Amino acid sequence: PTVEAREEDDTSQVVRITLSNGMRVAYRQNDNRPNEVRIRLQGFGGRALETIDTQGLAVAASATWVNGGCGGYSPDVVSKFAAMSGITYDASCGSESLTLDLVVQTSVEGAMQKALALAWLLIEQPDFDSKALARFKLRVDRSFRSFPKSVERKTAGAFFGALFHPDDAWRVQELTPDIVKDIDVADVERIIQAQVVPSNLEVAISGDFDPEELESQLTTYFGTIGGGAGKPPPWAGKDSFRFKFAGKASVQDSVTVQDTVVRTYAMMGFPTVNRWGKLEQAGDLSLDIEPKESWPTELPSGDAYCQKMHVSRCLSVANDIISNKLFEQIREKRGLVYGIGFSWRPYRVFDGGYATVTFMPKPDQVERSIAEVKEVLCDLFQNGVTDEEFEGAKQPLVTKVREADKTNGFWIHLMEDVTGRATPKDLSCIQKVDEHYDAVTKEEVEAAMRECFGHSMEMLTIATGQSGPGEEQVEELTEERTLV
């Protein structure tokens with residue numbers, strides 16, 4: 001095994017290499033966190049590889065994979081080995097990818113080499129233990145039993161069920177025991193093995209290490225991963241990463257939860273663009289935000305401006321502006337809710353994303369709070385923002401980025417997808433991130449909000465929920481108070 005290609009970026013200090021088996025790695029030295037290294041292996045797929053007949057399979061697979069042992073060693077032995085070696089690890093399954101994360105304390109002798117060996121064993125010699133799968137199904141059962149008691153989860157279920165087209169709404173619903181009961185070990189092994197092939201795996205590493213030693217160890221371990229070598233990634237040429245939104249306004253019937261505490265919860269939202277400014281299949285609406293002449297081409301320093309990330313960075317600033325405005329107007333000034341926030345949720349590979357407003361209205365102010373949230377959103381999207389609102393969101397974001405720049409977690413996040421296999425992301429997207437945010441103007445943010453959020457009222461999905469005592473609980477509570 002060898003390093004077949006190598007590229008160093010002086011600006012971000014990120015190095016990209018391609019191993020001879022096709023696996024791509026991006027790494028960056030960071031001595032701001034002495035004796036710590038973070039490693040992320042990611043394979044595109046995740047829940048996107050599920051069908052309506054295999055719901056939950058990818059989630060079950062990630063849990064069974066990471067908790068089932070490897071190399072012929074039991075889960076307990078592997079866990080003890082990791083703990084003694086200064087390694088913590090976990091796997092997760094998202095909408096678009098399977099991820100294995102490792103945190104390594106390099107103050108333990110040989111910890112880095114042992115971490116890479118552990119990752120190799122999990123990929124090349126995994127033990128898909130039926131007991132691990134059974135434990136996953138038990139967790140689903142426990143979660144399902146608690147679902148009727150959560151007004152937030154029940155409301156979210158109603159919301160997402162209406163936001164997405166009926167053909168795809170199952171993708172964002174919580175799993176149930178009936179859905180996962182027939183999943184077996186052969187199923188989970190098959191979907192993991194489809195994702196952990198060199199043509200689909202990307203690695204990001206940030207921390208306190210010696211680059212020469214790291215590259216040697218990477219070729220020894222990751223360079224020898226051969227399962228499916230040369231095969232295309234599991235999503236190539238398929239429609240796995242396509243889905244449809246309902247693309248219409250909807251108000252869901254209020255869900256109710258029996259509880260001794262009276263509470264209300266609301267979710268409002270609409271489909272919008274992904275990280276790259278694209279939205280497809282939201283009714284009759286499609287968006288593809290192309291670069292414009294008005295967009296910057298240079299940073300104030302004279303370096304090139306990354307237009308690929310322009311929409312994403314403008315909407316990140318907009319996200320905080322909207323959250324701040326809703327908190328100030330709906331909670332602080334009008335006192336209609338206990339808490340409120342706005343969130344833009346872009347996908348990376350799927351051609352779309354969505355935005356939500358979540359809040360806890362006072363029980364007698366549900367309808368009014370919904371109406372006034374809509375009023376605030378319309379005002380922002382149509383009339384723009386003040387200089388004070390803009391700077392009040394942008395400057396804390398720039399400061400946050402500059403502080404996060406010292407952490408390994410920040411760089412792991414930045415280096416995700418930077419090998420450019422499934423998304424437009426490349427090294428230019430992670431250069432001088434703080435300066436890019438600082439260069440964003442109020443007018444550009446307003447334009448992005450109009451283009452990407454301007455259709456919000458036409459496609460607004462609203463779901464509300466309430467909890468409180470049922471008739472039996474009221475009688476019990478009355479008896480308790482009488483006894484007291």
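The analysis underlying the following values was restricted to heavy atoms, covering all of them including side chains, and did not include hydrogens, waters or symmetry mates. As the structure is a prediction and not an experimental result, all values here were calculated from the model.
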Worksheet item: Is any NZ, NE, NH1 or NH2 atom of the basic residue among D288 and K278 found under 4.0 Å from an Asp or Glu carboxylate oxygen of the other?
Response: yes
Worksheet item: Does D187 use its side chain to pair, donor to acceptor, with the backbone of D184 at less than 3.5 Å?
Response: yes
Worksheet item: Quick one: do R24 and E202 make a salt bridge, cutoff under 4.0 Å?
Response: no
Discussion item. Whether the side chain of K308 engages the backbone of P424 through a donor-acceptor N/O pair (distance < 3.5 Å, no angle test) should be reported.
Written reply: yes
Practice prompt. Check whether the side chains of S12 and Q431 place a donor and an acceptor atom closer than 3.5 Å, and report yes or no.
Written response: no
Discussion item. Are F245 and F270 an aromatic pair, judged by ring center distance below 6.0 Å?
Written reply: no
Discussion item. Less than 3.5 Å apart, any donor N or O on the side chain of S74 or D76 sitting next to an acceptor on the other?
Written reply: no
Item to complete: State, to 0.1 Å, how close L315 and V273 come at their nearest heavy-atom pair, and which atoms those are.
Response: CD1-CG2, 3.7 Å
Practice prompt. Check for a donor-acceptor pair, side chain of S79 on one end and backbone N or O of P75 on the other, with a separation under 3.5 Å.
Written response: no
Worksheet item: Which atoms form the tightest heavy-atom contact between R38 and I412, and what is the distance?
Response: O-CD1, 3.4 Å
Worksheet entry | K442 bridged to E391 by N-O distance under 4.0 Å | no
Worksheet item: If you count the non-hydrogen atoms of other residues, nucleotides and ligands that lie under 6.0 Å from OH in Y89, is the total more than 12?
Response: yes
Worksheet item: Is there side-chain contact between E36 and D208, with at least one heavy-atom pair below 4.5 Å?
Response: no
Worksheet item: Should the ring pair Y347 and F350 be called parallel, tilted or perpendicular, given that the plane angle runs from 0 to 90° and is split at 30 and 60?
Response: perpendicular
Worksheet item: Is a side-chain donor-acceptor pair under 3.5 Å present for S107 with N35?
Response: no
Worksheet entry | Charged N-O contact under 4.0 Å between R242 and D168 | no
Discussion item. Checking the side chain of E50 only, and the main-chain atoms of L57 only, is there a donor and an acceptor separated by less than 3.5 Å?
Written reply: yes
Worksheet, complete the sentence: To the nearest 0.5 Å, atom CG of L380 lies from atom CD1 of I321 at 8.0 Å
Discussion item. Go through it in stages, so that I can follow the logic: the residues are F160 and Q173, the test is side-chain contact (heavy atoms from CB on, under 4.5 Å), and I'd like the CA-CA distance, side-chain angles, deciding distance and then a yes or no.
Written reply: CA-CA 7 Å; F160 286 114; Q173 297 297 333; 4.2 Å; yes
Worksheet item: How far does CD of E416 sit from SG of C429, to the nearest 0.5 angstrom?
Response: 13.0 Å
Item to complete: Please answer whether the main-chain N or O of L122 pairs with a side-chain N or O of W65 as donor and acceptor at a distance below 3.5 Å.
Response: yes
Discussion item. Please evaluate residues V385 and E446 with respect to the criterion side-chain contact (heavy atoms from CB on, under 4.5 Å), reporting the C-alpha separation (whole Å), side-chain torsions for both, the decisive distance (0.1 Å), and the verdict.
Written reply: CA-CA 7 Å; V385 304; E446 289 173 332; 3.9 Å; yes
Worksheet item: From M415 CE over to T419 OG1, what is the distance, rounded to the nearest 0.5 angstrom?
Response: 11.5 Å
Worksheet item: Do side-chain atoms of Q307 reach the backbone of P296 as a donor and acceptor pair under 3.5 angstrom?
Response: yes
Worksheet item: Can you tell me if T64 uses its side chain to pair, donor with acceptor, with the backbone of F128 under 3.5 Å?
Response: no
Worksheet entry | Any side-chain heavy-atom pair of I183 and V188 under 4.5 Å | yes
Worksheet item: For residues T54 and T51, is any side-chain donor paired with an opposing acceptor at under 3.5 Å?
Response: yes
Discussion item. Could you tell me if R313 sits above the aromatic ring of Y437, with its cationic atom closer than 6.0 Å to the ring centre and no more than 45 degrees from the axis?
Written reply: yes
Discussion item. Tell me whether E451 is salt-bridged to K292, with the criterion being a basic N under 4.0 Å from an acidic carboxylate O.
Written reply: yes
Worksheet item: Does some side-chain heavy atom of D438 sit less than 4.5 Å from a side-chain heavy atom of Q395?
Response: yes
Worksheet item: Looking at Y338 versus F359, is the centre-to-centre ring distance below 6.0 Å?
Response: no
Worksheet item: What do you reckon, are the aromatic ring centroids of F159 and Y265 less than 6.0 Å apart?
Response: no
Fill in: Check against side-chain contact (heavy atoms from CB on, under 4.5 Å), L214 and M112
CA-CA 8 Å; L214 175 67; M112 191 65 180; 3.6 Å; yes
Worksheet item: Do D210 and Q29 have side-chain atoms, one donor and one acceptor, less than 3.5 Å apart?
Response: no
Worksheet entry | Presence of salt bridge, D405 and R402, under 4.0 angstrom | no
Worksheet item: Which atom pair, heavy atoms only, marks the closest approach of I87 to K114?
Response: CD1-C, 3.9 Å
Worksheet item: So do D101 and I39 actually touch side chain to side chain, heavy atoms under 4.5 Å?
Response: no
Worksheet item: Just wondering, do S301 and E435 contact through their side chains at under 4.5 Å, heavy atoms?
Response: yes
Practice prompt. Answer with yes or no whether the side chains of S143 and R153 bring together a donor and an acceptor at under 3.5 Å.
Written response: yes
Worksheet entry | Rounded distance [0.5 Å steps], CD in E189 versus CG in D127 | 9.5 Å
Fill in: Nearest heavy atoms of H436 and L299, plus distance in Å
CE1-CD1, 3.7 Å
Worksheet item: Is R275 reaching over with its side chain to a backbone N or O of G352, donor-acceptor style, under 3.5 angstrom?
Response: no
Worksheet item: Salt bridge or not for R47 and E96, using N-O below 4.0 Å?
Response: no
Discussion item. When you compare the side chain of V37 with that of N408, does any pair of heavy atoms fall below 4.5 Å?
Written reply: no
Discussion item. I'd like to know whether OH of Y73 has more than 12 heavy-atom contacts from other residues, nucleotides or ligands below 6.0 angstrom.
Written reply: no
Worksheet item: If only atom types and distance count, is the side chain of T272 paired as donor or acceptor with the main-chain N or O of C452 below 3.5 Å?
Response: yes
Worksheet item: Are there more than 12 heavy atoms of other residues, nucleotides or ligands under 6.0 Å from atom CZ of R345?
Response: no
Item to complete: Determine whether T356 and M268 make a side-chain contact, defined as any pair of heavy atoms from C-beta on separated by less than 4.5 Å.
Response: no
Discussion item. Quick check: closest heavy atoms across I225 and M23, and the distance to 0.1 Å?
Written reply: CD1-CE, 3.6 Å
Worksheet item: Would you say T224 and E124 make side-chain contact, with heavy atoms under 4.5 Å?
Response: no
Response to the item:
In this structure, CD of Q195 is separated from OG of S62 (nearest 0.5 Å) by 9.0 Å
Worksheet item: Does E389 reach the main-chain N or O of T386 with its side chain, forming a donor-acceptor pair under 3.5 Å?
Response: yes
Worksheet item: Run the side-chain contact (heavy atoms from CB on, under 4.5 Å) check on R348 and K425 step by step: do they pass?
Response: CA-CA 9 Å; R348 295 143 53 207; K425 192 173 185 178; over 6 Å; no
Practice prompt. Return the minimal non-hydrogen interatomic distance between W344 and S312, and the atom names on each side.
Written response: CZ3-O, 3.6 Å
